[in-house]
Visitor: 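Got a structure for you, written out below as structure tokens; questions coming shortly.
So that the names make sense, note that chain A is the first sequence line, chain B the second, and so on, each numbered from 1.
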Amino acid sequence: MDYNSMIPFQDLNLYPDPPTTSTFITPKIEPKLEPLDEPPPPPPPPSLHLSDVASPAHSSAEADIYSEFCRLSELFRSTIAQKHGDAAILPDSDPDSRAIVPVPDPETQVSNVVLAPRGSRKYQTRSSELVRVTDLKPEDDRYFRDLIRKTRMLFDSLRVFSIAEDEKQMDMMVPHRKTRGDLKASAFMRQSGLWLNRDKRIVGDIPGVSIGDVFFFRMELCVVGLHGQAQAGIDYVPASHSSNGEPIATSIIVSGGYEDDEDAGDVIVYTGHGGQDKHNRQVMHQKLECGNLALERSMHYGIEVRVIRGFKYEGSISGKVYVYDGLYRIIETWFDVGKSGFGVFKFKLVRIENQVEMGSAVMKLAQSLKIRPLEVRPKGYVTLDLSRKKENIPVFFFNDIDGDHDPLYHEYLISTIFPPYVYNSGSTAGCECVGGCLNDCFCVMRNGGEFAYDVHGNILRGKPLIFECGPHCRCPPTCRNRVTQKGVRHRFEVFRSRETGWGVRSLNLIQAGSFICEYAGVVLTREQAQIFTMNGDNLIYPSRFAERWKEWGDLSQIFSDYVCPSYPSVPPLDFAMDVSRMRNVACYMSHSSIPNVFVQLVLYDHNNLSFPHLMLFAMENIPPMRELSLDYGVADEWMGKMAICN
DNA sequence: GGTCTTTCATATCG
DNA sequence: CCGATATGAAAGAC
């Protein structure tokens, strides 16, 4: 990493807030700014480091399944064993990453991390160097956005993977306490040096993290560097590390843990920490020290703090979510007598203007839209169910921009229509799990010896193809291996957008890995498609979708010999889909090269490998009201969608 | 550099 | 559905 090129903050006047530029920070603290005017970063590294080599046609497909299954389990166990220091974990990192992101040095990696005896804390420690990142170019922004997304995908993959492994142990009657997947995931990533933003203490926005981004675990906030405390509500550079001996606060979490908090959205009265017993009762006076002092010092220097709100959310795994709500300035602090009768420090924070709307406010809006849409937005709703009762959950249609009601004039198609012969071909094999499918289920074997979904119905790993239980199986409809066939679980809204023509958003928070909907259409064979194309109709070619499933569940950065699942090998998709007359909500989704939705092929109602369903899953936690996007695999930004907008 | 302490976690159990 | 309790992990304080 080249730190020589770093320029002291005072020499650059890039900070966009004029009033605070001069008083922003005392020279003593010597904050530095990452120079951002050097050549743009290299394109994001290819997400896959191990190519998906098609395995040679095995005579026994079963051998493939088991070897893959056993190898992975072994991989997991041996990596756990490494905690005791008997093997090397070599991280897989992009050597050209921007300097602000930690790039693990293989040498320090070996000496500091891998060989560290159990219990010692020889991981890379946090830097105390204050930095603010401003004026990111669009390409920088995309790079960091992608980096954050990949980091969070890895976190989630590891979390779910750890829980899945834990369940196997449970099945084998090994008594133990349930694994905390969040802790396991963060530990793995820390060992591999994959925590972000640890070599600088960033004041202000974290590159790649947007206002409104939603997190389910505190450890996840640590991993991306948004808030570095596993439990504490105030994150700060400690006095002992600060160049002027004063602590500086960088972020807080507002989650109602203190009775004297007042949260009015743009204005927060935040209570300092301390003085509580283990039952969170205020039993002592607070002191102006640690985080309290840091907040006071941040106020003095006019340093903004990141605010993350934590609140209860139904439908969240943990029952709670954390939402990044942007930057606030501390404008006032005083010592007050709290409700308990003990003295507490209070801090008045005001949200800095000209930021996009608060994530928590957007979530509240979406919540009320679900219940009474017409009262909240009297204008713009064209219909409250585009699907005309075909979907489990109505699909709203909103257009407050122009009079285009085109989506109304298409027949709503809930699932793809295949040619009839598809259902008569292929095997009619199914499982015999009358009492519900377990690990020895035939369909589980077909998925490589593991369930494709976790108990919440979230996809574990992207695969060339997933077999769900279907009509040939004897398991009940409640079987865990039936997910996509049950249809949508979220409230979607098709909307008119000035930027993307049509778009799709959800009024629910969608957890990463959860099923969204099918990409439905009428299947045309190659011959039929040629005729249609000659008539000037635009068709969807499923083979063109980028294979983003490879990124979901990719653990190659943690387990060096991890390989992307290549089983079962499916023939290239050789059909087109007509969505000109019949379509579902999916075809209004926009294209993006940093998509939040990916395509996973699934079979459930027939066994013909050549005609799978195109099922869409969330690549990241998608906050309510954020546009869904797919990688259509097209060079031109909007071509994928233009094909069906006309 | 260890060890201790604090901390607006999280899961489970009555 | 709470509250108590157990387990846990980061990182600041000393």
Side-chain angles (χ1 to χ4, degrees), chain A residues 83 112 116-128 159 162-163 166 170 176-191 195 197-198 201 215-242 245-263 268-284 286-287 289-295 305-314 316-323 325 338 344-347 349 360 455:
Chain A
K83 275 183 122 176
N112 285 352
R118 185 179 168 77
S120 78
R121 303 221 181 260
K122 291 207 171 171
Y123 303 114
Q124 178 196 15
T125 51
R126 296 179 92 186
S127 156
S128 57
R159 186 178 63 79
S162 301
I163 293 169
D166 191 62
M170 286 285 195
H176 61 99
R177 171 166 277 272
K178 246 188 180 176
T179 293
R180 285 268 305 269
D182 55 328
L183 301 182
K184 208 51 146 305
S186 64
F188 272 131
M189 292 181 73
R190 196 155 96 135
Q191 283 168 34
W195 285 29
N197 300 313
R198 291 176 64 80
R201 296 286 292 240
F215 302 79
F216 290 102
F217 297 94
R218 283 289 293 262
M219 291 314 297
E220 207 177 350
L221 301 175
C222 295
V223 170
V224 300
L226 194 62
H227 186 84
Q229 302 284 342
Q231 292 191 6
I234 305 168
D235 195 15
Y236 58 102
V237 177
S240 56
H241 292 60
S242 165
E246 296 178 2
I248 296 292
T250 53
S251 60
I252 63 168
I253 293 186
V254 188
S255 59
Y258 281 78
E259 58 194 3
D260 298 310
D261 280 357
E262 293 167 44
D263 186 359
I268 303 167
V269 177
Y270 189 77
T271 310
H273 60 194
Q276 289 188 324
D277 67 4
K278 58 180 177 175
H279 300 301
N280 295 338
R281 282 182 300 233
Q282 205 69 40
V283 293
M284 281 162 53
Q286 292 183 345
K287 295 173 189 157
E289 58 186 20
C290 304
N292 297 349
L293 181 59
L295 281 172
V305 293
R306 293 184 290 273
V307 169
I308 299 114
R309 277 195 176 73
F311 48 88
K312 284 186 178 159
Y313 192 85
E314 216 177 318
S316 148
I317 302 279
S318 53
K320 226 180 159 181
V321 291
Y322 297 95
V323 180
D325 267 344
V344 292
F345 280 92
K346 290 194 170 174
F347 300 91
L349 292 99
S360 55
V455 288

Visitor: List the protein contact pattern of nucleotides 8-14 of chain B with one symbol per nucleotide (5' to 3'): B for base contact, S for sugar-phosphate-only contact, - for none; contact means a heavy-atom distance under 4.0 Å.
Guide: BBBSS--
Visitor: Touch check for A/R201, heavy atoms < 4.0 angstrom, all strands: base, sugar-phosphate only, or nothing?
Guide: sugar-phosphate
Visitor: Send over the distance from A/H241 NE2 to C/dA10 P, rounded to a whole Å.
Guide: 16 Å
Visitor: Which is it for A/D182 and A/R159 under the salt bridge (charged side-chain N to carboxylate O under 4.0 Å, His left out) test, yes or no, and what are the steps along the way?
Guide: CA-CA 5 Å; A/D182 55 328; A/R159 186 178 63 79; over 6 Å; no
Visitor: Sort by first number and list every stem of DNA chain C: at least 3 consecutive Watson-Crick or G-U wobble pairs, both distances under 3.5 Å.
Guide: B:2-7 with C:9-14, B:9-14 with C:2-7
Visitor: Pick out which of A/D260, A/D263, A/I234 makes a side-chain contact (heavy atoms from CB on, under 4.5 Å) with A/Y270.
Guide: A/I234
Visitor: Write down the distance between CZ (A/R126) and P (C/dA9), rounded to a whole number of angstrom.
Guide: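 So the two atoms are 18 Å apart, to the nearest Å.
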Visitor: Which pairs of donor and acceptor atoms, one on a side chain in residues 221-230 of chain A, lie under 3.5 Å apart (sequence neighbours left out)?
Guide:
unit_1	atom_1	unit_2	atom_2	d
A/H227	ND1	A/S251	OG	2.8
A/H227	NE2	A/A232	O	3.0
A/Q229	NE2	A/D235	OD1	3.2

Visitor: Applying a 4.0 Å non-hydrogen cut-off, can you work out what A/G319 is touching in the nucleic acid: base, sugar-phosphate, or nothing?
Guide: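 The answer is nothing, as A/G319 stays clear of every strand by at least 4.0 Å.
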Visitor: How many whole angstroms separate atom NE2 of A/H279 from atom P of C/dA6?
Guide: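 It is 10 Å, rounded to the nearest whole Å.
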Visitor: Kindly give the heavy-atom pair with the smallest separation between A/R190 and A/W195, and that separation in Å.
Guide: N-NE1, 3.2 Å
Visitor: Round to the nearest Å and state the distance from A/N197 atom CG to C/dA11 atom P.
Guide: 13 Å
Visitor: A/L293 CG to C/dG12 C1': how many Å, rounded?
Guide: 13 Å
Visitor: Given A/F345, which partner from the list A/E289, A/H273, A/Q286 fulfils the side-chain contact (heavy atoms from CB on, under 4.5 Å) test?
Guide: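 For A/F345, the side-chain contact (heavy atoms from CB on, under 4.5 Å) check succeeds only for A/Q286.
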Visitor: Closest nucleotide of DNA chain C for A/Q229 versus for A/L183: which of these residues is on the 5' side?
Guide: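 In this pair, the answer is A/L183.
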Visitor: Does a side-chain N or O from A/S240 land closer than 4.0 Å to OP1 or OP2 of C/dG12, or not?
Guide: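 Answer no for this pair, as no side-chain N or O of A/S240 is under 4.0 Å from OP1 or OP2.
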Visitor: I want to confirm an ordering. Mapping A/C222 and A/P247 to their closest nucleotides on DNA chain C, which one lands closer to the 5' end?
Guide: A/C222
Visitor: Looking just at side-chain N and O atoms, do A/Y258 and A/Q276 make a donor-acceptor pair shorter than 3.5 Å?
Guide: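 A/Y258 vs A/Q276: donor-acceptor pair found between side chains.
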Visitor: How close or far is atom C1' of C/dA11 from atom CG of A/L221, stated in whole angstroms?
Guide: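 Taking CG of A/L221 and C1' of C/dA11, I get 16 Å after rounding.
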Visitor: Measure across A/S162 and A/F188 and return the closest heavy-atom pair with its distance rounded to 0.1 Å.
Guide: OG-CE1, 4.1 Å
Visitor: Which atom names give the shortest non-hydrogen contact between A/P247 and A/Y236, and what distance separates them?
Guide: CB-CD1, 4.0 Å
Visitor: Nearest-Å distance, CD (A/Q286) to P (B/dT6)?
Guide: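 Rounded to whole Å, this separation is 14 Å.
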Visitor: In whole angstrom, give the distance that lies between atom OH of A/Y236 and atom P of C/dA10.
Guide: 17 Å
Visitor: Provide the closest heavy-atom pair for A/V305 versus A/A249 in the form atom of the first, atom of the second, distance.
Guide: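 In this case the closest contact between A/V305 and A/A249 is CG1-O, 3.7 Å.
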